[in-house]
Amino acid sequence: MYRLRQDKLRQIAEIGERAGLTYAEATYPNHFAFTHTIPELRALYIDRPQPFTEAEFEANPVHAAVAGRLMQIRIQGKAGFANLQQGGKRLQIYIKKDVVGEDALALAKLLDLGDHIGVTGHLFVTRSGETTLQVATITFLAKAMLALPDKYHGLEDVELRYRQRYVDLFMNTGQSAKQTEHGPAPVVANSTEPFATATEATPVVSEAPPPNVREVFVKRAAVLRALRKYFDERGYIEVETPMLVGIAGGAAARPFITHHNTFDIDLSLRIAPELYLKRLVVGGLDRVYEINRNFRNEGVDTSHNPEFTMLEFYQAYANYHDLMDLTEEIVKFVAMEVNGTTIANFNGVEIDLGKWTKLSMREAIIKWWPSEFGDAPSSNCFQSRDLFVQVLRKAAETYLPVFREWSKDVPTAEWSNPQKDGTLVTAIRQMHRTLAAGDAFKKGFVNVIVELAEGAPLGKCIATLFEVVGENPFASNLTQPTIIYDFPLAVSPLSKQKPDEPDWVERFEFYIGGFEVGNAFSELNDPLEQRERFLDQLKERDRGDDEAMHMDEDYVRALGYGLPPTGGEGIGIDRLTMILTGSKSIRDVILFPLLRPQAKQTETAS
RNA sequence: GGACGCGUAGCUCAACUGGCAGAGCAUUCGACUCUUAAUCGACUGGUUGUAGGUUCGAUUCCUACCGCGUCCA
């Protein structure tokens, strides 16, 4: 292939020589003076309510020079049509020997799909009604040495699309015949729908065209633009804080470790900018935001990529109630800027980003209490470990009959304060293992009991129970925009306590489409309390939680200079973009998602 | 880390219950001055992800590994 195309390049050079061009000028020129981009030209004369007619073109000829990549060629002897693509749009061009002459036609015959050319000419309307550029001159700009994917299907192989995003981007622009056949707004092609009921038939996968990849990333840029506009207009300043850090703090996650040679020290890639941004608020930057990458050393799935983009913003004198209002406003604003509507379509479900539900975590647990667990508990069950244990025990005995056998002789006291190797703990662990291959929901529930039996803090158990109940796959509780507020202190080492309930903090997360999109809280600004929280984290770390935080003495010192009451929030940009583009996987909104390297053979010329 | 699924020509896909590995597009050659998934004729293209095993015979069955996807941890 390479050799054949190199031959063509030489022939192209020969044609160029006749026009006085050097080999380089004829094959890889370094300039083309265009008058319009293809999207501009289309917007002016074609993509409008009343496209220009042939009569209008004849009365007022439109001359243009455009450049693009050849996506289709229909040559017919001494004339032919082709489609040039630029900026995700295509323009048909018509090359006729009578007009362009012998050499230009010879050049046209040497062109391959994927080549870049520039053309000059004027617009006309064909008999079949397509506005077309009648070519006067052709300038060869660059050769595609590799064959393009199937012109009808485009590039469909998901792995290839991610590995060779450059091909994905110019093939899947919504312009391929298969994509246009399926309507103007192709949805992400995939089959399984978490929210679909069991009675619905599985859609036929092969019929769905690949998504409009270009559009997804154009929209992603629009999301970022809208967010910057929102914050810039409200007096926030955009900052950039270190990604290479000594202590990776601000979140519960494992960092990547790297090394700086001249200092000869190990550094981490940041897992969150949080602690630096609050230092800036101490420094008097009352409103700051940062949009950039975080790195977390974790696995990959449809909502996780080890590097992901996060927006974090901090606002002095605000608390989490202010941030809840702000959150609704921001999401609505971005949706309107990007899509012109607050309605989003995700996984076949219509989501209204303008309609929000607010529930405290405790309310949510009670409201969404699965009927399989028996009667919902009363709201005071979160007040003490004993009461919580009683509720869980009752639920377990209702939901899982085996539990009745195991626990009937066990006094509540042992539930509350179990022996590490006692019969109860052993039995529960055993049960957890036997469920491993089975029902995930059941397993999640048992997991709460395991945590409880192993002596995890009550708050942590409550948070885990919330996740189980909230993410119940049979209920889709967190699909529509939902704010869950008031978190247990035990899972929130950087948040400020509620004044009247010291075991709970002023924190919320918001969910859309079934997953967490953002996290916010009133910032803990008492340095002594913060030091204690770090020390608690170190204890958790000693107990084996390698996601627990490290002590950050400098951060505590910064708080020592006085952090005003401050509200701070983080929003996952990739996930927000997924919702706004209907992308089912985070990999569909990240240009080059992390993939395992392929140590495969590299194809070369022959 | 586990379960399930997938991997065949550059791309999109076939190949029945184990019996000579095929088609369309792209490529190459030829015809064609309003086509649009252009059309017509001819040709070319393969270590069936990798390595083993069973078998007279493996794309197909078995094992391990590699990569991807989905769900879960």
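Within every chain, numbering begins at 1; the chains are lettered A, B, ... in the order of the sequence lines, protein sequences first and strands thereafter.
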Asks: A26(B), OP1 or OP2 - any side-chain N/O from K151(A) closer than 4.0 Å?
Replies: yes

Asks: Which of the following nucleotides, G67(B), G69(B), A37(B), is nearest to the side chain of Q72(A)?
Replies: A37(B)

Asks: With a cut-off of less than 4.0 Å, is there a side-chain N or O of T126(A) near OP1 or OP2 of U35(B)?
Replies: no

Asks: Can a cation-pi geometry be assigned to R293(A) and F308(A), taking NZ or CZ under 6.0 Å from the six-membered ring centre and within 45° of the ring axis?
Replies: no

Asks: Taking atom P of G7(B) as reference, at what distance in whole Å does atom CZ of R161(A) sit?
Replies: 18 Å

Asks: Taking only the C1' atom of each, what is the distance from U63(B) to C20(B) in whole angstrom?
Replies: 28 Å

Asks: When you measure from the side chain of R596(A), which nucleotide among U33(B), C68(B), U28(B) comes out closest?
Replies: C68(B)

Asks: How does RNA chain B look in dot-bracket notation if pairs are Watson-Crick or G-U with both distances under 3.5 Å, crossing ones as [ ], other-strand ones as |?
Replies: (((((((..((((.....[..))))..((((.......))))......(((((..]....)))))))))))).

Asks: Rounded to the nearest 0.5 Å, what separates atom CG in L133(A) from atom CG in L91(A)?
Replies: 6.0 Å

Asks: Find out whether the Lys NZ or Arg CZ of K584(A) is both under 6.0 angstrom from the six-membered ring centre of F346(A) and within 45° of the ring's axis.
Replies: no

Asks: Which value, in whole Å, describes the distance between the C1' atoms of nucleotides G45(B) and A23(B)?
Replies: 13 Å

Asks: Hey, does L595(A) reach any base, or is it just sugar-phosphate, or nothing, if we go heavy atoms under 4.0 Å?
Replies: sugar-phosphate

Asks: Say we look at C65(B) and U55(B): how far apart would their P atoms be, to the nearest angstrom?
Replies: 24 Å

Asks: What integer number of Å spans the C1' atoms of U44(B) and U70(B)?
Replies: 39 Å

Asks: C11(B) P sits how many Å from E159(A) CD, rounded?
Replies: 11 Å

Asks: Measure from CD on Q92(A) to P on U33(B) and round the result to the nearest Å.
Replies: 17 Å

Asks: Go through the N and O atoms of the side chain of D157(A) and the base of G7(B), and report whether any donor-acceptor pair is under 3.5 Å.
Replies: no

Asks: Could you grab the distance from atom NZ of K109(A) to atom NZ of K97(A), nearest 0.5 Å is fine?
Replies: 8.5 Å

Asks: Is the shortest distance from a Lys or Arg side-chain nitrogen in D546(A) or R541(A) to a carboxylate oxygen in the other one below 4.0 Å?
Replies: no

Asks: Using the P atom as the point on both nucleotides, what is the distance between U60(B) and G1(B), in whole Å?
Replies: 27 Å

Asks: With a 4.0 Å limit, can you tell me whether K584(A) has a side-chain N or O closer than that to the phosphate oxygens OP1/OP2 of G69(B)?
Replies: no

Asks: Classify the nucleic acid contact of R587(A) as base, sugar-phosphate or nothing, counting any heavy atom under 4.0 Å across all strands shown.
Replies: sugar-phosphate

Asks: Under 4.0 Å between a Lys/Arg side-chain N and an Asp/Glu carboxylate O for R69(A) and D115(A)?
Replies: no

Asks: Just the rounded figure in Å: distance from P of G10(B) to CZ of R5(A).
Replies: 14 Å

Asks: Should the pair D588(A)-R161(A) be classified as a salt bridge under the 4.0 Å nitrogen-to-oxygen rule?
Replies: yes

Asks: Whole-Å distance between U12(B) P and L155(A) CG?
Replies: 6 Å

Asks: Rounded to the Å, how far apart are K78(A) NZ and G30(B) P?
Replies: 12 Å

Asks: Say we look at C62(B) and G5(B): how far apart would their P atoms be, to the nearest angstrom?
Replies: 10 Å

Asks: Out of C25(B), U35(B), U33(B), which has the shortest distance to the side chain of D150(A)?
Replies: C25(B)

Asks: So, are R18(A) and E14(A) salt-bridged, with charged N and O less than 4.0 Å apart?
Replies: no

Asks: If you look at every strand shown and take non-hydrogen atoms under 4.0 Å, does R127(A) touch a base, only sugar-phosphate, or nothing?
Replies: base

Asks: Within the modelled atom types, does a donor on one side and an acceptor on the other bring the side chain of Q76(A) and the base of U39(B) under 3.5 Å apart?
Replies: no

Asks: Could you tell me whether T302(A) contacts a base, only the sugar-phosphate backbone, or nothing, with contacts defined as non-hydrogen atoms closer than 4.0 Å?
Replies: sugar-phosphate

Asks: Please report the distance separating the C1' of C61(B) from the corresponding atom of A73(B), rounded so that it comes out in whole Å.
Replies: 32 Å

Asks: So which one's nearest nucleotide on RNA chain B is more toward 5', H153(A) or G299(A)?
Replies: H153(A)

Asks: Decide yes or no for Q134(A) and L123(A): does some side-chain heavy atom of the first lie under 4.5 Å from some side-chain heavy atom of the second?
Replies: no

Asks: Judged by each residue's nearest nucleotide on RNA chain B, which is more toward the 5′ side, D98(A) or Y152(A)?
Replies: D98(A)

Asks: From CG of L133(A) over to P of U35(B), roughly how many Å is that when rounded to an integer?
Replies: 18 Å

Asks: Describe the nucleic acid contact of R90(A) in one word from base, sugar-phosphate, nothing, applying a heavy-atom distance below 4.0 Å.
Replies: nothing

Asks: Measuring only the C1' atom in each nucleotide, how far is C25(B) from U33(B)? A whole number of Å is fine.
Replies: 25 Å

Asks: Report the distance from atom CG of L146(A) to atom P of C25(B), rounded to the nearest whole Å.
Replies: 21 Å

Asks: Has D301(A) got a side-chain atom pairing as donor or acceptor with S303(A)'s backbone, closer than 3.5 angstrom?
Replies: yes

Asks: Compare the minimum distances between each of U70(B), A38(B), G67(B) and the side chain of R74(A), then state the nucleotide with the smallest one.
Replies: A38(B)

Asks: Hey, does G154(A) reach any base, or is it just sugar-phosphate, or nothing, if we go heavy atoms under 4.0 Å?
Replies: sugar-phosphate

